[in-house]
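Residue numbers start from 1 in every chain, and the chains themselves are labelled A, B, ... in the order their sequence lines are given, proteins ahead of strands. Only this structure's heavy atoms are used, side chains among them; waters, hydrogens and symmetry mates stay out. These figures come from a predicted structure and were not determined experimentally.
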Amino acid sequence: MTISQLLEKKALQAIENLYGQTVDVSQIQLQSTKKEFEGDLTLVTFPLLRISKKKPEETGEELGKWLLEKTPELSSYNVIKGFLNLTVSPAYWLNELVLASNTTDFGLTKAGADSPLVMVEYSSPNTNKPLHLGHVRNNLLGYSLCRILEANGNKVVKTNIVNDRGVHICKSMLAWKKYGNGETPASSGKKGDHLVGDYYVAFNQHYLEELAELQAKGMTKEQAEAASTLMAETREMLLAWEAGDPEVRQLWETMNGWVYAGFDETYNKLGVSFDKIYYESQTYLLGKDVVLDNLEKGIFYRQEDGSVWADLTADGLDQKVLLRGDGTSVYMTQDIGTASLRFSEYPIDKMVYVVGNEQNYHFQVLSILLDKVGFAWGKDLVHFSYGMVELPEGKMKSREGTVVDADDLVDEMVGTARETSRELGKLDGLSEAEAEDIAEMVGMGALKYFILKVDPRKNMTFNPKESIDFNGNTGPFIQYTHARIKSVLRKAEEQGLSFDTKPNVAGSLSDKELFLIQLIDSFPQTVKDAAEGFSPAIIANYIYELAKEFNQFYHDYTILKESDESLRGFRLLLASTTGKVIRTGMDLLGVRVPDRM
RNA sequence: GGUCCGGUAGCUCAGCUGGAUAGAGCAACAGCCUUCUAAGCUGUGGGUCUUGAGUUCGAAUCUCAACCGGAUCACCA
């Protein structure tokens, strides 16, 4: 039982005892005390006045007195207007600290055999161009969310559905055939996904040129688009692909292979991974049967032209097409098919889709459809919706070349970390491999933290310059704090000091120390909140606060030169536990933490 | 136009199941390296929480309306 749960219970007893009335738990408002007031937890007594029928101050006094007498965990109280501030005894906090320090998981739960299985879909790239900044946000959020769900006792299957077919893929292929000279990643030295992306760009350039020529001859834009031979060739290629034309399939497999090699490299750099990868080329036909089955059951209906629809007006939405007049699938149908395949392969209890907020409507519809079709988890599937990433100059537009490439970004971040570290002399005396490892951790830490600390739902502005600034609320600041803590512990060990002798310093803890312990104590709850809110940002902001508090503490106290043995032991214990919490928290964000930097 | 999301310091963001004087960082200014890492610490200045009404003992937080910004409303994915 946590201290606030305990006090909640006690408060109920106090009210019953003092005023002879039972109240609902919702009337008990217990919150952590604001920093500028004395105390740890505050009971707001305003709502209780109609029960006590007394002034706020009087009610607070009565309750405070009763609670202090009956609760050994409390050491004092004070009343300010309708706020009863309760101080928890240092002995209690110290005990909590020792407990936290001795556990490796900080109250986080591991999944057991009967834990719910959560499948998280994230990343979902197209194989016609490299990953960009928007994908980076998706990948980091998705991966971190998986870690957080795991830490809350769920079995997690990380999945990725690769959009490896379609007109856009054919565009790259066609351009490579027409305009290329047979270059490969090996022959050109280019990363596979970049090479293919270059041909996608080339296609669009040639296409625009063709349109301009046709329009110069007097056609309207629409006429030109219809008359484009390049587009006609692309459609032809798509048909050939669908018919299984060996030559087209061969080219498709070769070029996709290049892209996958490139993606793997990028995923590696980002530190994300998947348990199961689905390919759209293998799933895009699946939804049709499900739709037809349910058409027979009368859940969907057919229009005169042969197209199949779902009527969602009862749910406040519109009609939604599921099969075209010619019997082919649309995007929604494919998602139903993929869902059905996944369900047959895994005993899914909850499905989470990490997809941008431009698809909010799509997932609203998908949820209703899956429910209608009979998937238990359909109704409460989670669309983990996140906002777009904008640049200080405005939106990213691939046509205008304002897209930030994921690989370039990663290289830039690590490069800057390397340079800055070198300038500051942080890498002196380290081997080349060690120095590079630290530069990688710090550069990636800066990028990951910068993106994850923002509420996922919000559109965010990514300022490359600012993200590379390692001051303030940044990943490197937190990493730095951890490195300092490790340094303190190393020196302590060199001097033969330890915190094993359980220190008894109950009476002499400072406010800062107590506050730090309380912060550490609230870590498991924060991780739960993050899982419930589907927000790594909650953990990011928590870790920052912890690191900041420790840094201040660090400057105010001499840890190693303390004369009092027990006090010195206690401070080492506090440092060690803080370090562990920081490491665990950063791990949940998918950020590595160096022991020295 | 319908629906959904957002609007907090010059900038980037916390805070939102209602609670005390709305917080950080960046930027600006002033200090701190004979003390365990100065990628740090301390201090100063900076706010009609978009606006207006309502609910309440109490509203950045809840409700309604307006304004601004974004997304979406395809037999595209």
What base-paired stems does RNA chain B take part in, with at least 3 consecutive Watson-Crick or G-U wobble pairs and both distances under 3.5 Å?
B:1-7 with B:67-73, B:10-13 with B:23-26, B:28-32 with B:40-44, B:50-54 with B:62-66
Side-chain N or O of A:Asn459 versus OP1/OP2 of B:A71: is the shortest distance under 4.0 Å?
no
Please tell me which of A:Arg457 and A:Leu317 maps to the more 5' nucleotide of RNA chain B, matching each residue to the nucleotide holding its nearest heavy atom.
A:Leu317
Between B:G19 atom C1' and A:Leu49 atom CG, what is the distance in whole Å?
13 Å
C1'-based separation of B:U37 from B:C29 [nearest Å]:
27 Å
What's the closest nucleotide to the side chain of A:Lys458 if the choices are B:A38, B:G7, B:A27?
B:G7
Please list, in numerical order, the residues of residues 440-451 of chain A that have a heavy atom closer than 4.0 Å to any atom of RNA chain B.
A:Val442
If the P atom of B:G52 is compared with that of B:C67, how far apart are they to the nearest Å?
15 Å
Measuring from the side chain of A:Arg484 (C-beta onward, heavy atoms only), which nucleotide among B:C26, B:G19, B:A38 has the closest atom?
B:A38
Could you list all N or O pairs between the protein and nucleotides 73-77 of chain B that sit under 3.5 Å apart?
| unit_1 | atom_1 | unit_2 | atom_2 | d |
| --- | --- | --- | --- | --- |
| B:C75 | O3' | A:Arg324 | NE | 3.1 |
| B:C75 | O2 | A:Gly325 | N | 3.1 |
| B:C75 | N4 | A:Asp305 | OD2 | 2.0 |
| B:C75 | N4 | A:Ser307 | OG | 3.4 |
| B:C76 | OP2 | A:Arg324 | NE | 2.5 |
| B:C76 | OP2 | A:Arg324 | NH2 | 2.3 |
| B:A77 | OP1 | A:Arg324 | NH2 | 3.1 |
| B:A77 | OP2 | A:Tyr331 | N | 3.1 |
| B:A77 | O3' | A:Glu280 | OE1 | 3.4 |
| B:A77 | O3' | A:Glu280 | OE2 | 3.3 |

With a 3.5 Å cut-off and just heavy-atom distances, do the side chain of A:Asn551 and the base of B:A39 make a donor-acceptor pair?
no
Quick check: closest heavy atoms across A:Asn163 and A:Asn126, and the distance to 0.1 Å?
CB-OD1, 3.0 Å
Could you go step by step and tell me if A:Tyr449 and A:Gln479 meet the side-chain hydrogen bond (donor to acceptor under 3.5 Å, both in side chains) rule?
CA-CA 11 Å; A:Tyr449 188 86; A:Gln479 292 172 316; over 6 Å; no
When you measure from the side chain of A:Ser576 to the backbone of A:Leu572, do you find a donor-acceptor pair of N or O atoms at a distance under 3.5 Å?
no
From the candidates B:C13, B:G40, B:G19, the one with an atom nearest any side-chain atom of A:Tyr480 is B:G40
Give a yes or no on whether the ring-centroid distance for A:Tyr480 and A:Phe477 is below 6.0 angstrom.
no
Suppose we screen for salt bridge (Lys or Arg N to Asp or Glu O under 4.0 Å). Which residues come up paired with A:Glu549, at least two apart in sequence or across chains?
A:Lys35
Would a line drawn from the ring center of A:Phe46 to the ring center of A:Phe83 be shorter than 6.0 Å?
yes
Would you classify A:Ser487 as touching base, sugar-phosphate or nothing, given that sugar-phosphate means primed atoms plus P, OP1 and OP2, and contacts are heavy atoms under 4.0 Å?
base
Where the side chain of A:His555 is concerned, which of B:C26, B:A14, B:G40 is the nearest nucleotide?
B:G40
For residues A:Tyr542 and A:Phe523, establish whether the separation of their ring centroids is below 6.0 Å.
yes
Of the options B:A39, B:G19, B:G40, whose atoms approach the side-chain atoms of A:Ser421 most closely?
B:A39
Please evaluate the base of B:A20 for a donor-acceptor partner in the side chain of A:Thr42 within a cut-off of under 3.5 Å?
yes
Check: A:Thr234 main-chain N/O paired with A:Lys171 side-chain donor or acceptor under 3.5 Å:
no
How long is the gap from CZ on A:Arg302 to CH2 on A:Trp309, to the nearest 0.5 Å?
13.5 Å
Hey, is A:Phe83 stacking on B:A20? Ring centres under 5.5 Å, planes under 30°.
yes
Rounded to whole Å, how long is the line connecting atom CD1 of A:Ile368 with atom C1' of B:U3?
12 Å
Stepwise ring-ring contact (aromatic ring centres under 6.0 Å, His included) check, A:Phe450 with A:Phe462
CA-CA 8 Å; A:Phe450 191 89; A:Phe462 181 79; 5.5 Å; yes
Given B:A20, B:A14, B:C36, the nucleotide with the shortest approach to the side chain of A:Tyr554
B:C36
CA sep, side-chain torsions, deciding dist, call: A:Asn85, A:Ile80, side chain to side chain contact (heavy atoms under 4.5 Å, CB included):
CA-CA 8 Å; A:Asn85 299 322; A:Ile80 299 170; 4.0 Å; yes
Closest nucleotide of RNA chain B for A:Pro47 versus for A:Asn360: which of these residues is on the 5' side?
A:Asn360
Closest to the A:Val454 side chain: B:C36, B:G6, B:A14?
B:A14
Kindly say if A:Gln364 contacts the phosphate of B:C4, meaning a side-chain N or O under 4.0 Å from OP1 or OP2.
no
B:C11: syn or anti, per glycosidic angle within 90° of 0
anti
Heavy-atom nearest pair, A:Met388 first then A:Arg137, reads O-NH1, 3.7 Å
Taking the six-membered ring for Trp and the single ring otherwise, decide whether the centroids of A:Tyr331 and A:His362 are under 6.0 Å apart.
yes
I'd like to check the side-chain contact (heavy atoms from CB on, under 4.5 Å) partners of A:Pro130; sequence neighbours left out, ordered by chain and number.
A:Asp193, A:His194, A:Asp405
Determine whether a donor-acceptor pair (N or O, by modelled atom type, separation under 3.5 Å) exists between the side chain of A:Ser487 and the backbone of A:Ala483.
no
Collect all protein-nucleotide pairs involving nucleotides 21-24 of chain B in which both atoms are nitrogen or oxygen and the distance is under 3.5 Å.
| unit_1 | atom_1 | unit_2 | atom_2 | d |
| --- | --- | --- | --- | --- |
| B:A24 | O2' | A:Tyr544 | OH | 2.9 |

According to the 5.5 Å centroid and 30° plane-angle thresholds, does A:Phe477 stack upon the nucleobase of B:G40?
no
